[in-house]
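Okay, structure first, notes after.
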Amino acid sequence: MIEPRIVPREEHPISRRDIDPDALKVLYRLRQFDHIAYLVGGSVRDLLLGRRPKDFDIGTSAHPYQVKKLFRNCWIIGRRFRLAHVKFGQKVIEVATFRRQVAPGEEVVQDGVPAHVLHEATEPAGTAGEAVLVDAAPEPGIADGPHVLAANEAGILAPITATSEHLIHRDNTFGTPEEDAFRRDFTINALFYDIATFSIIDYVGGLDDLKAGVVRSIGDPDVRLREDPVRMIRAIALAARLGFSIEPALLAAIRTHRGEIAKSSSARLLDEFYKILRAGAAEATFRGLADVGLLDSISSELHRGAADPLWRSLAALDSYRGRFDAAPDALTNPILLGSLLAPLGITLHGRRSEDHMRPGHRSRHGHGAAHVADAVARIDRPEPDAGAPPAVPDRRAPGPRLGDLPIARRDVDRLRQVIGLQRRLRDLSASPRAQRALTHRHVFREALTWFDIHGGAPDVAEHWKTLAAAAGGDHRPADGDEETAPFLRRRRRRRRRRRIMPTSGQN
């Protein structure tokens, strides 16, 4: 048992006025029913730094279904570990039961109940509290002799292979606040705010690291990074976003284990990239990822293209994001994807632009964000073979690639529509009627966002914003879901009911 450092209310700057009112409702109700309830994670860190948190997550001693009984607006999610989502309109307050990192000697758990409790009732092969040993013939990739079964993400017993022995397979056992703090990734993310006493609780030295501006791993960084390789990306992104340095031992471990990132889910990596691009420090983060060699292990295209065009594109994206307190809805996945593809010279048909890669090539628009506008002229145009006539784009052809990252076809198609409107946005010689009609295109909002970021013509962008505001603009959702968009429809005339003429013999 480690005695935490407790900072009373009068010695820290966090006020309940800075906490989301709905998060306070959840905290108060949990306390009302005698459950421990803390504000946890990045929200405490950001409040101490004077920043506006993106989310307000809550840690509690209440089990998920105990939380559900307290809130009618609560849904239980998750397979590997149950989480409670308390919904207030479109807002979600995530409530997680305190958990601990399970030791290798413990077996599968169910809904947070340790396996030895289940063993006491059934006593299968293997003593209570031990992993189940199987003497069956080993499968390829598994060491000879008995091997241990662990729970995979689907909750099914599966053998631990040589490539997955360090990854976390058992992470869903309930624990204490202290155990929950030590299973988190970085010290500055393991701070708690106690709603009962309004104090800050620190088990891992996060307050000192926050004051020093250091990102430090909890525990041995070599072990923690192999447990979850995505922590390498998060460490770089966190340091870039906060302007912190990375502890030398953690930085050395990232360089040593950068190849482990290939074991992570491709969908999860792409999701991390989108989070980075929305955070407002994309340029610094991608520079850091390139410096430690992580880009090479994720995408060879990004690794080769880590040069000035990419940095200018990401700087323009960060500049746009800096205008807002939180990530705006206008920064959709197609916009973020295009901000990576265009400076890399990758067309939407999966080929690299030869003009972009030619040594000494300079944009006709000059330097800065307008450099990307030159790449836009080629991004939706496949490169023809030498001497061949220009080819018509084949929409069925394989799309662009960034390593094995699963780029969604719908995002590529949407980006193609966004790029298709850029030439028309630059043309202010069109008639007023044609310009007003353009503002009602379903993709206009995203096209104007792209132009505002990468067009290099702020006066033209301002013209279209003014015109859209005067004309009512396009208020449809940016994801293209037109069925739910609140736009006016022409009323359909009611079809006149056909009169049935009486047949002969009827009165």
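All values below come from the heavy atoms of this structure, side chains included, with hydrogens, waters and symmetry mates left out. Values in this document were obtained by computation on a predicted structure and should not be read as measured data.
Leu277 and Leu340 get closest at one heavy-atom pair: CD1-CD1, 4.0 Å. For Pro406 against Leu270, the heavy-atom pair with the smallest separation is O-CD2, 3.3 Å. Arg183 and Arg231 make their closest contact through O-NH2, 3.9 Å (heavy atoms, listed as atom of the first residue, atom of the second, distance). Scanning all heavy atoms of the two residues, the minimum distance from Asp46 to Pro53 falls at OD2-CA, 3.8 Å. Of all non-hydrogen atoms in Ala23 and Ile19, the two that sit nearest each other are CB-CG2, 4.2 Å. When all heavy atoms of Pro334 and Glu446 are compared, the closest pair comes out as CG-OE2, 3.9 Å.
Side-chain contact between Arg184 and Ile218 is present, with at least one heavy-atom pair separated by less than 4.5 Å. Between Phe273 and Leu289 the shortest side-chain heavy-atom distance falls below 4.5 Å. Between Leu207 and Leu48 the shortest side-chain heavy-atom distance falls below 4.5 Å. Between Arg278 and Asn333, the closest side-chain pair of non-hydrogen atoms falls below 4.5 Å. Using a 4.5 Å heavy-atom threshold, the side chains of Asp452 and Arg323 count as touching. Two residues are said to be in side-chain contact when any heavy atoms from C-beta on lie closer than 4.5 Å; Val223 and Glu227 meet this criterion. Using a 4.5 Å cut-off on side-chain heavy atoms (C-beta onward), Arg241 and Arg51 make contact. Counting heavy atoms from C-beta outward, Leu242 and Ile188 have side chains that approach closer than 4.5 Å.
Applying the ring-ring contact (aromatic ring centres under 6.0 Å, His included) rule to Tyr320 yields the partners Phe324; only residues at least two apart in sequence or on another chain are considered. Partners of Asp208 by salt bridge (charged side-chain N to carboxylate O under 4.0 Å, His left out), not counting sequence neighbours, listed by chain and number: Arg5. A search for salt bridge (charged side-chain N to carboxylate O under 4.0 Å, His left out) contacts involving Asp22 returns Lys25, Lys91, not counting sequence neighbours. Applying the salt bridge (charged side-chain N to carboxylate O under 4.0 Å, His left out) criterion to Asp271, with sequence neighbours excluded, gives Lys275. Qualifying ring-ring contact (aromatic ring centres under 6.0 Å, His included) partners for Phe182, counting only residues two or more places apart in sequence or in other chains: none. Judged as a salt bridge (charged side-chain N to carboxylate O under 4.0 Å, His left out), and not counting sequence neighbours, Asp55 has no contacts.
The aromatic rings of Phe98 and Tyr38 sit tilted, their planes meeting at an angle between 30° and 60°. Using cut-offs of 30° and 60° on the angle between ring planes, the pair Phe174 and His63 is tilted.
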Intermediate values then yes/no, side-chain contact (heavy atoms from CB on, under 4.5 Å), Asp194 and Ile36: CA-CA 8 Å; Asp194 186 1; Ile36 300 174; 5.7 Å; no
Evaluation steps, salt bridge (charged side-chain N to carboxylate O under 4.0 Å, His left out), between Glu283 and Arg287: CA-CA 6 Å; Glu283 182 192 1; Arg287 283 182 181 271; 3.2 Å; yes
Worked verdict on Ile298 versus Ile233 for side-chain contact (heavy atoms from CB on, under 4.5 Å): CA-CA 11 Å; Ile298 299 173; Ile233 296 179; 3.8 Å; yes
side-chain contact (heavy atoms from CB on, under 4.5 Å) assessment of Arg45 paired with Leu238: CA-CA 11 Å; Arg45 176 201 69 217; Leu238 186 59; 3.5 Å; yes
Working for side-chain contact (heavy atoms from CB on, under 4.5 Å), residues Asp291 and Arg255: CA-CA 9 Å; Asp291 182 61; Arg255 295 182 187 275; 3.1 Å; yes
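Taking the charged nitrogens against the carboxylate oxygens, Asp404 and Arg401 do have a contact shorter than 4.0 Å, which makes a salt bridge. Under 4.0 Å is where a charged nitrogen must lie from a carboxylate oxygen, and between Arg414 and Asp411 no such pair does.
Note: Ile276 CD1 to Thr285 OG1 = 5.5 Å, rounded to the nearest 0.5 Å. Note that CZ of Phe244 is 9.0 Å distant from CG of Asp209, once rounded to the nearest 0.5 Å. Taken to the nearest 0.5 Å, the OG1 atom of Thr449 stands 10.5 Å off from the NE2 atom of His454. With rounding to the nearest 0.5 Å, the separation of CZ in Arg100 from CG in Asp180 is 12.0 Å. Note that the CD atom of Glu301 and the CG atom of Leu405 stand 8.5 Å from one another [nearest 0.5 Å]. Separation of atoms CG (Leu402) and OG (Ser266) is listed at 11.5 Å; rounding is to 0.5 Å.
Counting only distance, with no hydrogens or angles, the side chain of Asp318 and the backbone of Ala282 share a donor-acceptor pair below 3.5 Å. Of the possible donor and acceptor atoms, none in the side chain of Ser199 sits under 3.5 Å from a partner among the backbone N and O of Arg9. Side-chain N or O atoms of Ser43 include one that pairs as donor or acceptor with a backbone N or O of Val40 at under 3.5 Å. Ser313 contributes a side-chain N or O that, together with a main-chain N or O of Ser339, makes up a donor-acceptor pair within less than 3.5 Å.
Looking at Leu47, Val26, Asp57 one by one, the single match for side-chain contact (heavy atoms from CB on, under 4.5 Å) with Leu39 turns out to be Leu47. If you run side-chain contact (heavy atoms from CB on, under 4.5 Å) between Cys74 and each of Val67, Ile93, Val95, only Val67 comes through.
Lys69 NZ: 12 or fewer foreign heavy atoms inside a 6.0 Å radius.
Judged by the 6.0 Å distance and 45° axis criteria, Arg16 is positioned over the aromatic ring of Phe198.
With hydrogens and angles left out, the side-chain atoms of Glu178 and Thr176 include no donor and acceptor closer than 3.5 Å.
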